[in-house]
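Below, chains carry the letters A, B, ... as their sequence lines are ordered, and counting in each starts from 1. We use all heavy atoms of the structure for the numbers below, so side chains are in, but hydrogens, waters and symmetry mates are not.
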Amino acid sequence: MNSITLAPGLAYYPDYLDRAAQDALLKAVREATRAAPLYTPRMPRTGKPFSVRMTNCGGLGWVSDEHGYRYQPTHPETGTAWPDIPKIALDAWEALSGYPHLPDACLINFYEPSARMGLHQDKDEEEFDAPVVSLSLGDTALFRYGGLDRKDPTKSVKLRSGDAIVFGGPARLIHHGVDRLFPGSSDLLPQGGRLNLTLRKVKVGPIS
DNA sequence: GAGTATCA
DNA sequence: AAAG
């Protein structure tokens, strides 16, 4: 499988999922969002809404509101447990993570054409030995990544539908974000936009 | 468009 | 302190 090392620990797999796999994953995501609808996260303290809408699958989901960032086992609006992680996503984790346990969290981000994600670190997990595996569906995104320090220099790469990226080892905690989408760049989602799935291991050890 | 800074 |  084709992989490009963008930085130490940061592996990029262009076209990791073929079109049939993308269609299958999209179908699974639609089923997940039927059980756990996309909601609008808010910033801690200020309550300012994100432009990206989110939901989760797996035992734990990442949420953000006035009270802070955290992982929790239920949807913040419906109060019900998150649906299961799609099989195709688990397969990607097993193929790409190099980690001996299944993920316990899968954050699903939906970007409308105008949505952005500022430069940030994924550091709300307890297990930093496990990588974060990211899968892109739909419109191309301009992805920015830097270093452990927020002021470290950054580079950009376009992430297209079906691409995978893995943050592991020295790249597990690098800053990253999405500067913009390229509307109309994919016909996978009829309404346009981009879906991103990030698989994580929040708790140390096997899933209980 | 890319990169940095500041607030909170 | 924060993916704003």
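- Remark: nothing in residues 102-129 of chain A comes within less than 4.0 Å of DNA chain B through any heavy atom.
- Using a 4.0 Å heavy-atom criterion, one finds that A:Arg180 contacts the sugar-phosphate atoms exclusively.
- Ring geometry for A:Phe167 versus A:His176: interplanar angle of 30 to 60°, hence tilted.
- Residue A:Tyr145 contributes atom OH, which lies 13 Å from atom P of B:dA2 at whole-angstrom precision.
- Checked against ring pair (Phe, Tyr, Trp, His ring centres under 6.0 Å), A:Tyr39 has the following partners two or more places apart in sequence or in another chain: A:His75.
- As judged by a 4.0 angstrom heavy-atom cut-off over every strand, A:Gly47 is placed among residues making no nucleic acid contact.
- A 3.5 Å limit on both hydrogen-bonding distances identifies no Watson-Crick or G-U partner for B:dT4.
- A:Val178 approaches A:Ala141 most closely through the heavy-atom pair CG1-CB, 4.0 Å.
- Note that OH of A:Tyr71 is 11.0 Å distant from CH2 of A:Trp82, once rounded to the nearest 0.5 Å.
- One can place CZ of A:Arg144 at 7 Å from P of B:dA2, the figure rounded to the nearest angstrom.
- Each side-chain hydrogen bond (donor to acceptor under 3.5 Å, both in side chains) pair with one or both residues in residues 156-167 of chain A, not counting sequence neighbours, appears once here: A:Tyr12-A:Asp163, A:Gln22-A:Ser161.
- Residue A:Phe50 is classed as a sugar-phosphate contact, given heavy-atom separations below 4.0 Å to backbone atoms only.
- Remark: side-chain polar atoms of A:Asp139 are not paired, donor with acceptor, to backbone N or O of A:Leu181 under 3.5 angstrom.
- Every residue meeting the side chain to side chain donor-acceptor pair (under 3.5 Å) condition with A:Ser134, not counting sequence neighbours, appears here in chain and number order: A:Asn196.
- For A:His120 and A:His175, the ring centers are positioned 6.0 Å apart or more.
- Under a 4.5 Å side-chain heavy-atom cut-off, the cluster of Ile, Leu, Val, Met, Phe, Trp and Tyr residues that includes A:Leu142 is completed by A:Phe182.
- Under the rule for a side chain to side chain contact (heavy atoms under 4.5 Å, CB included), the partners of A:Asp18 that lie at least two apart in sequence or sit in another chain are A:Ala20, A:Ala21.
- A:Tyr69 pairs by the ring pair (Phe, Tyr, Trp, His ring centres under 6.0 Å) definition with A:Trp62, not counting sequence neighbours.
- Using a 4.0 Å heavy-atom criterion, one finds that A:Ser51 contacts no nucleic acid atom at all.
- The salt bridge (Lys or Arg N to Asp or Glu O under 4.0 Å) contacts involving residues 193-208 of chain A comprise A:Asp104-A:Lys201, A:Asp122-A:Arg200, A:Glu125-A:Arg200, A:Glu126-A:Lys203, where partners must be two or more places apart or lie in separate chains.
- A:Val204 shares a hydrophobic cluster with no other residue; no ILVMFWY side chain has heavy atoms under 4.5 Å from its own.
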Inset, instruction - Give the dot-bracket string for DNA chain C, reading 5' to 3', where a pair is Watson-Crick or G-U wobble with both distances under 3.5 Å, ( ) marks pairs inside the strand, [ ] marks pairs crossing earlier ones, | marks a partner on another strand, and . marks unpaired. - result: ...|
Check nucleotides 6-8 of chain B against the protein and report each pair of N or O atoms closer than 3.5 Å, with its distance, or say if there are none.
none

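- Read 5' to 3', the first and last nucleotides of DNA chain C with an atom closer than 4.0 Å to a heavy atom of chain A are C:dA2 to C:dG4.
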